[in-house]
Amino acid sequence: QVQLVESGGGLVQPGRSLRLSCAASGRTFSRYTMGWFRQAPGKEREFVAVINWTGSNTYYADSVKGRFTISRDNAKNTQYLQMNSLKPEDTAVYYCAGRFNILFSTARHDYDSWGQGTQVTVSS
């Protein structure tokens, strides 16, 4: 497993942007499929985005498609989530997740490494 630490959350007004970072420890980060999930109060944790080992392939939940961009820098052992045009319904704790497998997955149980989460609040 890799250890994951998220940062970059905060309070932002609707329509504004925020970039989350996820720093990973361990030399095998480049072999991990990486994802972002989020959990709003009273709701289950849901898939947001996933990126493959090399960063050449991505997939998004319909709710964020066109607004969020996932990326990674394997030289820095870090992945990112650029969030634009934020909406109040994007308010949640955002989690970074890693999967030691080449295949994409949107299922929580397929990920074996998780960060502690970072709060994103979108409000005027």
Side-chain angles (χ1 to χ4, degrees):
Q1 293 185 350
V2 291
Q3 283 69 52
L4 304 173
V5 179
E6 303 96 335
S7 62
L11 172 63
V12 64
Q13 293 180 330
R16 303 299 291 268
S17 299
L18 208 58
R19 188 176 84 154
L20 305 182
S21 299
C22 172
S25 63
R27 293 179 293 178
T28 58
F29 174 74
S30 61
R31 303 296 298 278
Y32 273 73
T33 293
M34 296 299 297
W36 287 96
F37 289 76
R38 66 186 182 186
Q39 187 166 16
K43 295 187 176 181
E44 292 190 354
R45 193 172 300 187
E46 65 175 6
F47 165 78
V48 174
V50 61
I51 189 167
N52 71 337
W53 292 1
T54 63
S56 61
N57 206 0
T58 59
Y59 181 77
Y60 298 91
D62 288 342
S63 58
V64 306
K65 199 173 297 182
R67 299 188 298 122
F68 289 13
T69 302
I70 188 172
S71 62
R72 67 189 296 165
D73 185 338
N74 287 342
K76 295 182 179 180
N77 277 14
T78 303
Q79 75 154 345
Y80 306 95
L81 185 67
Q82 177 67 42
M83 304 185 293
N84 298 330
S85 302
L86 282 162
K87 305 175 182 180
E89 50 264 44
D90 294 319
T91 295
V93 177
Y94 283 71
Y95 295 90
C96 172
R99 168 177 161 80
F100 193 62
N101 192 301
I102 194 172
L103 299 177
F104 272 11
S105 175
T106 62
R108 288 176 297 171
H109 61 260
D110 284 336
Y111 288 79
D112 47 55
S113 298
W114 291 87
Q116 83 289 349
T118 185
Q119 177 70 47
V120 172
T121 303
V122 184
S123 175
S124 54

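Keep in mind that this is a model prediction, so the values were computed, not measured.
- Between E46 and R38 the shortest side-chain heavy-atom distance falls below 4.5 Å.
- No side-chain heavy atom of V122 sits under 4.5 Å from any side-chain heavy atom of K87.
- The line from CE of M83 to CD1 of I70 is 12.0 Å long, rounded to the nearest 0.5 Å.
- Expressed to the nearest 0.5 Å, how far OH of Y32 lies from CD of Q1 amounts to 6.5 Å.
- The distance from the CG atom of D73 to the OH atom of Y80 is 5.0 Å, given to the nearest 0.5 Å.
- Y94 and F68 have tilted rings, their planes meeting at an angle from 30° to 60° on a 0 to 90° scale.
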May I have the list of side-chain donor-acceptor pairs in residues 102-109 shorter than 3.5 Å, sequence neighbours left out?
| unit_1 | atom_1 | unit_2 | atom_2 | d |
| --- | --- | --- | --- | --- |
| S105 | OG | A107 | N | 3.1 |
| S105 | OG | D110 | OD2 | 2.5 |

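- Taken together through direct or relayed side-chain contacts under 4.5 Å among Ile, Leu, Val, Met, Phe, Trp and Tyr, I51 and W36 form part of one hydrophobic cluster.
- In this structure, L4 CG and T78 OG1 are separated by 10.5 Å, a value rounded to the nearest 0.5 Å.
- Annotation: the span from W53 atom CH2 to F100 atom CZ amounts to 6.5 Å, rounded to 0.5 Å.
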Only pairs under 3.5 Å count here: list side-chain donor-acceptor contacts from residues 17-25, not counting sequence neighbours, and write none if there are none.
| unit_1 | atom_1 | unit_2 | atom_2 | d |
| --- | --- | --- | --- | --- |
| S17 | OG | N84 | OD1 | 2.9 |
| S25 | OG | Q3 | N | 3.4 |
| S25 | OG | Q3 | OE1 | 3.1 |

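- Counting only heavy atoms from C-beta outward, the side chains of D90 and V120 never approach each other to under 4.5 Å.
- Taking the side chain as every heavy atom from C-beta outward, L11 and Q119 never approach each other to under 4.5 Å.
- Salt bridge status for K65 with D62: present, with a side-chain N to carboxylate O gap under 4.0 Å.
- Here Y111 pairs with F37 under the ring pair (Phe, Tyr, Trp, His ring centres under 6.0 Å) rule; sequence neighbours left out.
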